[in-house]
Amino acid sequence: MQREWIGRTEGAEIDFKVEGQEGAALRVYTTRPDTLFGATFMVVAPEHSLVGSMTTDAQRAAVEAYVQAASAKSDLERTDLAKEKTGVWTGAYAHNPAFEEGDERGRIPVWVADYVLASYGTGAIMAVPGQDQRDWDFASEFGLNIVRTVEPPASFDGEAFTGAGPAINSGFLDGLGVDEAKARMIAQLVERGVGQAKVNYRLRDWLFSRQRYWGEPFPVLHLEDGSHVRVPDGDLPVTLPEMEDFKPSDDGSAPLARAKDWVVASDPSGGGPARRDTDTMPGWAGSCWYYLRFMDPKCATAPLSPEAEEYWGNVDLYIGGTEHAVLHLLYARFWHKVLFDAGVVKTKEPFQRLFNQGMLTAFAYKDGTGRLVPADEVNLEADPPVSKATGERLEQVIAKMSKTLKNVVNPDDVCEKYGVDTFRLYEMFMGPLADSKPWNPRDVPGSRKFLERAWRLFVDPDADEPLRPGLGDDSGVTPEGPALDVERALNQCLQRVDDSFKAFNFNTAVAAFMEFLKGASSKGLNGSQASRFVRAMAPFAPHFADEIWSRMGHAGSVHHAAWPAVDERFLESDEFEMPVQILGKLRAKVMVSREASRDEMEAAARAAVADRMEGKEVVKTIVVPGRLVNFVVK
RNA sequence: GGGGAUGUGGCGGAAUUGGUAGACGCAUCGGACUUAAAAUCCGAAGGCCUUGGCCGUCCGGGUUCGAUUCCCGGCAUCCCUACCA
């Protein structure tokens, strides 16, 4: 994603002479120099610096009106109206350098249109309607010439053809493929001094100053002669002054400018008068390196000490939404790389692992016309849900939480009704962390019910005791009988919990807890098992676990207790239920020892499906040790 | 238009390296307890024919003894971004 955002493209810059404009050529950037013969007009952005001088008197009024209108539109409006192409001819002609001087085919009109952006490339394009759909649209709209310079396949019935094919109508390029034609054209442009190969980036500048109070002040002093110097290291950091009123001002000046005493400083070299810079840095200034400062927040002499960096290393795991992938995370990497080059940090990358969590969505309801109905107008008691107003049956769909749909879930309300542990447990139970998934209010009580059941495993509701007898003593005893079954179940549960941390699918850990609880409820726990179960539950239901932990007689928090280890001796039982297949289809199941040999497995399998095998010839037998047996028959 | 991801019951979702599809939960249905209800506990349950089968992981092909999983080609949905030349 970051690669796309940086948006490296390879192409060429080409200069077009404009009639009547000596010296000032119109420079364009293109990724398709091979299509130059098909450039039948040019378009410049309304903000382009040559618009004024190129425009002829006859066209001046129309062009000025168009430029005016474009500048009044916000970026949003300009892209909003993207469907229809608008533009005005400047009255000027340029010469397409693919053709000889004086060749009528090379005389092409120059237009102004807002589909060309001033902020990308050179703010001007050569329009090749035959190979670019936007140019095709514009040409159709205004009756401009269209020449194909790439031969589309016979089956092609579209408009602009952007695919690969042999060059046509292109003089010395005819017959060449796209890549070869690009290279030849660039070589020729270079030879004639009217163009060169060029790499372009989509990455945009990002303004780094704000006229707000909250933010880091720039450690910069303005001197009387208009120059500026850095605040000396010994005077760092520059801290914000205390201000009564730190709201942004109406005229756009920085709030800090009103802190008159603070602004006054002196030139560190000469002692003459100086003024502090009153702009502050934006929020992302801090977000670009906070993870470093967190390693050593009190260090007074550097961003962080080498010892702190050594100890904490670089960030093991960064969990964030994908919305951060191209802005915050890209710029944090930039900063880190600069700090690496400056010798401040020892690593080239800030984060060892990035994990994008999914987005929580919510159910929304659609009526027959496809309109989304706000949640408060839906009767959810009905099945299927119906509109409260009309009684119409509604289709349940998944949508982003939004104010207009009134399907936003407020965590406070959920915690108020079910408790924080239930809220947390439900979120973990919903599905894998990476997936986006819908919040279903109906499912939440299930998590609450599980916690209540787990509570009763430890606390007898009919007794006055803080804990069921025996659960406070966690001395290890070799389990036997029913306790052995529980021991196996517990270790399998702990194994699944550990696995869930590795895969970030905590839902399977919660499922493991639920399954374990079902067995343990009827058989009971010993103290050691109770202790391990509670410790494993701690990350999932922290308050629940801490309460039980203290009732077990521990002084400290369960969150400081050791993580329960899996004892592999108890992971697997001696026997397993082996599936027997014929031609890949399940035909029987039979209990077999885990240690059974291939022959033993096959014999058990044959016995289990003997009646089905009568009169059939076994062509092949597949035995997967510890797994299954499959007979291929004729 | 570009990029990223995802398609499994009524719903959220399970399923190491290809090896019992549907774990766990919700909703549903049945039972126990109760004067009754709530709560709690126990049980049933993918679909279609009937006592043993057939069909089933978005659709169509392929590889394989065996495909939710691997390969090829489609379709759909979500997120981000966008006249990027």
Side-chain angles (χ1 to χ4, degrees), chain A residues 1-5 7 9 11 28-32 35 39 43 45 75 78-79 81-83 85 113-117 119-128 131-135 137-138 162 200-204 321-327 356 358-359 361 363 383-384 396-400 426 429-432 434-447 449-450 452-453 456 461 496 499 503 505 507-515 517-518 521-522 576-589 619-622 624 626-633:
Chain A
M1 279 177 83
Q2 295 192 351
R3 181 170 296 123
E4 289 303 317
W5 187 263
T9 53
V28 303
Y29 174 72
T30 178
T31 54
R32 293 294 301 275
T35 64
V43 185
D75 280 0
R78 270 164 79 155
T79 54
L81 302 169
K83 293 96 208 161
K85 296 276 185 289
D114 65 4
Y115 82 93
V116 171
L117 306 177
S119 56
Y120 182 76
T122 61
I125 62 161
M126 60 179 219
V128 187
Q131 271 78 233
D132 185 295
Q133 188 60 42
R134 293 156 305 174
D135 297 343
D137 294 341
F138 192 81
T162 55
N200 211 0
Y201 297 93
R202 204 175 65 125
L203 195 66
R204 290 168 297 191
T322 175
E323 71 274 13
H324 287 141
V326 284
L327 294 177
N356 286 134
M359 190 173 50
T361 52
F363 289 123
D383 196 19
Q396 181 178 275
V397 295
I398 289 171
K400 261 210 277 197
Y426 172 63
F429 188 48
M430 288 174 79
D435 293 1
S436 90
K437 43 208 172 291
W439 183 278
N440 188 351
R442 278 189 176 190
D443 285 344
V444 180
S447 295
K449 230 155 77 182
F450 164 71
E452 285 171 357
R453 235 175 262 158
R456 289 197 297 272
R496 287 171 71 186
D499 291 345
N505 54 357
N507 53 324
T508 60
V510 179
F513 285 132
M514 288 171 168
E515 280 176 67
L517 178 66
K518 203 178 273 179
S521 296
S522 54
F576 77 105
E577 193 177 45
M578 182 183 76
V580 182
Q581 297 179 336
I582 296 175
L583 287 171
K585 296 202 176 193
L586 179 68
R587 289 302 180 219
K589 293 175 186 177
V619 184
K620 195 175 173 187
T621 304
I622 287 126
V624 185
R627 265 269 147 89
L628 56 59
V629 174
N630 183 20
F631 294 109
V632 184
V633 300

Return the pairing partner of rC54(B) with a 3.5 Å limit on both distances, Watson-Crick or G-U wobble; otherwise return none. rG47(B)
Look at the side chain of Met514(A) and decide which nucleotide, out of rG25(B), rU20(B), rC26(B), has an atom nearest to it. rG25(B)
So, is Lys518(A) close to the rG43(B) phosphate, meaning a side-chain N or O under 4.0 Å from OP1 or OP2? no
What nucleotide among rC84(B), rU20(B), rG13(B) has an atom nearest to a side-chain atom of Leu586(A)? rU20(B)
Could you tell me whether Phe363(A) contacts a base, only the sugar-phosphate backbone, or nothing, with contacts defined as non-hydrogen atoms closer than 4.0 Å? sugar-phosphate
Which of these nucleotides, rC83(B), rG25(B), rU20(B), is closest to any side-chain atom of Lys85(A)? rC83(B)
Leu517(A) vs Arg453(A) side-chain heavy atoms within contact, under 4.5 Å: yes
To the nearest angstrom, how far is Tyr426(A) atom OH from rC11(B) atom C1'? 10 Å
rG61(B) glycosidic conformation (syn if within 90° of 0, otherwise anti) is anti
Distance-only side-chain donor-acceptor flag, Tyr115(A) / Asp135(A), under 3.5 Å: yes
Do the side-chain N or O atoms of Arg496(A) get closer than 4.0 angstrom to the phosphate oxygens (OP1, OP2) of rA14(B)? no
Residue pair Met359(A)/Pro432(A) against RNA chain B: nearer the 5' end by closest nucleotide is Pro432(A)
Winner on side-chain proximity to Ala511(A), out of rC84(B), rU40(B), rA23(B), is rA23(B)
Suppose we call a contact any N or O donor and acceptor under 3.5 Å apart; does that hold for the side chain of Arg587(A) and the base of rU20(B)? no
Using a cut-off of less than 4.0 Å, is there contact between a side-chain N or O of Tyr120(A) and OP1 or OP2 of rA85(B)? yes
Exam field: side chain Lys437(A) to backbone Pro432(A), donor-acceptor pair closer than 3.5 Å: yes
Roughly how many Å is it from CH2 in Trp439(A) to P in rG13(B), rounded to a whole number? 14 Å
With a 3.5 Å limit on both atom pairs, tell me what rU20(B) is paired to, counting Watson-Crick and G-U wobble, or say none. none
Closest nucleotide among rA85(B), rG12(B), rA23(B) to the Asp443(A) side chain: rG12(B)
Nearest-nucleotide wise, let me know which of Phe631(A) and Pro438(A) is further upstream toward the 5' end of RNA chain B. Pro438(A)
Integer-rounded Å distance: rG13(B) P and Asp435(A) CG: 7 Å
Between C1' on rG12(B) and CG on Asn440(A), what's the gap in Å once rounded to a whole number? 7 Å
Remember a base hit wins even if backbone is also touched, and classify Gln581(A) as base, sugar-phosphate or nothing at under 4.0 Å, heavy atoms. base
Any Lys585(A) side-chain nitrogen or oxygen under 4.0 Å from OP1 or OP2 of rG19(B): no
By the 4.0 Å heavy-atom rule, please label Lys437(A) as base, sugar-phosphate, or nothing. sugar-phosphate
rU6(B) -> Watson-Crick or G-U wobble partner, both distances under 3.5 Å, gives rA76(B)
Whole Å only: how far is the CZ atom of Arg202(A) from the P atom of rA85(B)? 9 Å
Selected nucleotide, minimal atom distance to Phe429(A) side chain, candidates rA15(B), rA85(B), rG25(B): rG25(B)
Tell me whether the side-chain N/O atoms of Arg456(A) come closer than 4.0 Å to OP1 or OP2 in rU40(B). no
Give a yes/no answer on whether the side chain of Asn507(A) brings an N or O atom under 4.0 Å of OP1 or OP2 in rA14(B). yes
If you check the Glu515(A) side chain, which of rG12(B), rA23(B), rU40(B) turns out closest? rA23(B)
Under a 3.5 Å cut-off for both distances, is rU69(B) Watson-Crick or wobble paired, and to whom? none
What is the distance, to the nearest angstrom, from the NZ atom on Lys449(A) to the C1' atom on rU40(B)? 9 Å
Could you check whether Lys85(A) makes a cation-pi contact with Phe138(A), meaning its NZ or CZ is under 6.0 Å from the centre of the six-membered ring and within 45° of the ring axis? no
Expressed as a whole number of angstroms, how long is the span from Gln131(A):CD to rA85(B):C1'? 13 Å
Which nucleotide sits closest to the side chain of Arg134(A): rC65(B), rC84(B), rU20(B)? rC84(B)
Partner residues of Asp132(A) under the side chain to side chain donor-acceptor pair (under 3.5 Å) criterion, sequence neighbours left out: Arg134(A)
Gln133(A) vs Thr162(A) side-chain heavy atoms within contact, under 4.5 Å: no
Report yes if at least one side-chain N or O of Lys620(A) is closer than 4.0 Å to OP1 or OP2 of rG66(B); otherwise report no. no
4.5 Å side-chain heavy-atom contact, Thr361(A) and Trp439(A): no
